[in-house]
Amino acid sequence: MTRFEPLTYPLAGLLSQPPGSRVSYPISGVTMPIDEALRLAAPIEGVVDVARTNRGVLVSAPLRTAIAGMCSRCLVEIEIGLDIRVAEE
């Protein structure tokens, strides 16, 4: 099996399929660099669903992660959970 960069997926096979075809890619334990002022406190988890449409592909992905930060009021390290929903055609 070919290994790809995190959050990069092969879609050539899906693009040759008829509209309505689907493929899913699980995301587990993915980390990546983000803005200098932020730090991931938990890996990115979720599932990327890709559906073939008559115009290309529709990508939807409910993702979950957390960032680390500092409470501006009490100056204690905190972890902020993030639920992110991606939907893009």
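Everything quoted here is computed from the prediction, not taken from an experiment. If you read the sequence from its start, that first residue is 1, and numbering goes on from there.
Ser60 pairs by the side-chain hydrogen bond (donor to acceptor under 3.5 Å, both in side chains) definition with nothing, not counting sequence neighbours. Asp83 is linked by a side-chain hydrogen bond (donor to acceptor under 3.5 Å, both in side chains) to Arg64, counting only residues two or more places apart in sequence or in another chain.
The stretch residues 38-89 participates, sequence neighbours left out, in no ring pair (Phe, Tyr, Trp, His ring centres under 6.0 Å) pair at all. Within the structure, ring pair (Phe, Tyr, Trp, His ring centres under 6.0 Å) pairs that include any residue of residues 35-63 do not occur (at least two apart or interchain). Note on residues 22-70: pairs passing ring pair (Phe, Tyr, Trp, His ring centres under 6.0 Å), not counting sequence neighbours, are Tyr9-Tyr25. Screening residues 62-89 for ring pair (Phe, Tyr, Trp, His ring centres under 6.0 Å), with sequence neighbours left out, gives no hits.
For the atom pair Thr65 OG1 and Ile34 CD1, the distance stands at 7.5 Å (nearest 0.5 Å). Taking CD1 of Ile80 as the start and SG of Cys71 as the end, the distance is 9.0 Å to the nearest 0.5 Å.
A heavy-atom distance below 4.5 Å is not found between the side chains of Leu63 and Glu45. Residues Val47 and Ile27 have side chains not in contact (no heavy-atom distance under 4.5 Å, counting atoms from C-beta outward). By the 4.5 Å heavy-atom criterion applied to side chains, Met32 and Ile44 are counted as neighbours.
The backbone N or O of Leu14 sits nowhere less than 3.5 Å from a side-chain atom of Ser21 that would complete a donor-acceptor pair. Side chain of Arg52 to main chain of Gly20: no donor-acceptor pair is present (N/O by atom type, distance under 3.5 Å, no hydrogens or angles).
In terms of heavy-atom proximity, Ser16 sits nearest to Gly13 at OG-O, 2.7 Å. Closest approach of Ala41 to Ala68, counting heavy atoms only: CB-N, 3.7 Å.
A salt bridge links Arg39 to Glu77: at least one charged side-chain nitrogen sits closer than 4.0 Å to a carboxylate oxygen.
Glu89 and Thr53 are linked by a side-chain donor-acceptor pair at a separation below 3.5 angstrom, with hydrogens and angles left out of the test.
When Leu15, Leu11, Leu58 are each tested for a side chain to side chain contact (heavy atoms under 4.5 Å, CB included) with Val50, only one passes: Leu11.
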